[in-house]
There are 2 protein chains.
Amino acid sequence: MYTIHEACEKTGLAAHTLRYYEKERLLPNVSRSRGGFRQYSDEDLEALGLICCLKNTGMPLSDIARFMELTREGDQTLRERCELLKRHKEVVKGRMSEMERHLEKVTHKLDHFSRMLSEYEKEME
Amino acid sequence: MYTIHEACEKTGLAAHTLRYYEKERLLPNVSRSRGGFRQYSDEDLEALGLICCLKNTGMPLSDIARFMELTREGDQTLRERCELLKRHKEVVKGRMSEMERHLEKVTHKLDHFSRMLSEYEKEME
DNA sequence: TATTGACCTAGAGTTAACTTCAAGTTCTAT
DNA sequence: ATAGAACTTGAAGTTAACTCTAGGTCAATA
């Protein structure tokens, strides 16, 4: 079992954030010591890994909370969870190719500015 | 010259958003009709194109405002603007490859769930 | 035993980027 | 001339995801 501090180190999240995620039902069943301190298990850290993974790919916390609720419901939601992940992957891929397009536009703008710059510098001679 | 409504159509932004951008000094010098209505010129729309381009690639509005301030300062800031755009491009590329890594992790998780699912379904037979 | 540092809670505050509201003004078409 | 649509303003409200505060409790050490 790990303290909240250790869980922070392993996940890269702040302690405030871990408590916030608990309140938001991303990982609501973390066990406690006699004194009321949080104790993270290996499964908790595993779950946090998945949570970060989804968060890092832009899934809103409310959707992650729903996903984790399904997880707690057990194996009979495995199919649904697979579907959700597949759909999420497609969404992320879509966003990435859109970003690619946007980046190309930036490149065009930069080319334009570069040409303007060299004209300007020619004039300055 | 175009009304704010026409500017909305050409940029895909809401009228409220255009006014907000004006207040935030992204494009603060839009001219006005006698009655005080905004009149967007072709250069304004061109500038809005760049603004959207930067926004769509994740540049914060405050940075865009700074960029547009440089633009208003004229050609002697062309070099600086080119540098800024180049740096921005690198930042965006970095984010995209990071996202690629994150997406791979999602793929791994999905594979894991898929394997668990087929085991589960075998048991169910 | 006393101190110190890590942890607890509920609730308030922050940030970015809008979005809505209320109330008034201007433009356009009959 | 007037109805109604489109536009104006400043200010308040919204959302997501934190982040911080205040006032306490718990645990390890001297």
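Chain naming here is simple, since letters A, B, ... match the order of the sequence lines and numbering starts at 1 in each.
Across all non-hydrogen atoms, the minimal contact from B:Arg72 to B:Leu26 is NH1-O, 4.2 Å. The two atoms that bring A:Cys82 and B:Ser114 nearest to each other are SG-N, 3.8 Å, heavy atoms only.
Note on A:Val30 and A:Phe37: separate hydrophobic clusters, where clusters join Ile, Leu, Val, Met, Phe, Trp and Tyr whose side-chain heavy atoms are under 4.5 Å apart, directly or indirectly.
Comparing the start and finish of the helix from C:dT1-D:dA30 to C:dT30-D:dA1, five pairs each, the helix axis swings through 0°, to the nearest 10 degrees.
The interatomic distance linking B:Leu18 (CG) with C:dT19 (C1') rounds to 14 Å, in whole Å. Between B:Glu24 atom CD and C:dT19 atom P the separation is 14 Å, expressed in whole Å. If you take NE2 of B:His5 and P of C:dC27, they are 17 Å apart, rounded to a whole angstrom. Atom pair B:Arg19:CZ and D:dA11:C1' shows a separation of 14 Å (rounding to whole Å applied). D:dT21 atom P lies 8 Å from atom NE2 of A:His16, rounded to whole Å.
Counting heavy atoms of neighbouring residues, nucleotides and ligands inside a 6.0 Å radius, atom CD of B:Glu46 does not exceed 12 of them. Heavy-atom contacts from other residues, nucleotides or ligands closer than 6.0 Å to CZ of A:Arg25 number 12 or fewer. Counting heavy-atom neighbours within 6.0 Å of B:Lys109 NZ, excluding the residue itself, gives a total above 12.
With distances taken from any side-chain atom of A:Ile4 to the nucleotides C:dC7, D:dT19, D:dC7, the minimum falls on C:dC7.
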If you restrict it to nitrogen or oxygen atoms, what contacts under 3.5 Å exist between nucleotides 15-18 of chain D and the protein, and what is each distance?
residue	atom	partner	partner atom	Å
D:dA17	OP2	A:Leu61	N	3.2
D:dC18	OP2	A:Tyr21	OH	2.6

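Of the charged side-chain nitrogens involved, at least one lies within less than 4.0 Å of a carboxylate oxygen, so that B:Glu90 and B:Lys93 count as a salt-bridged pair. Taking the charged nitrogens against the carboxylate oxygens, A:Glu80 and A:Arg66 do have a contact shorter than 4.0 Å, which makes a salt bridge. Classification of A:Arg32 and A:Glu22 as a salt-bridged pair holds, one side-chain N sitting under 4.0 Å from a carboxylate O.
By the 4.5 Å heavy-atom criterion applied to side chains, A:Leu48 and A:Tyr40 are counted as neighbours. B:Tyr20 is listed as a side-chain neighbour of B:Leu61, based on a closest heavy-atom distance under 4.5 Å.
Of the residues in residues 28-48 of chain B, those with a non-hydrogen atom less than 4.0 angstrom from any atom of DNA chain C are B:Ser33, B:Gly35, B:Phe37.
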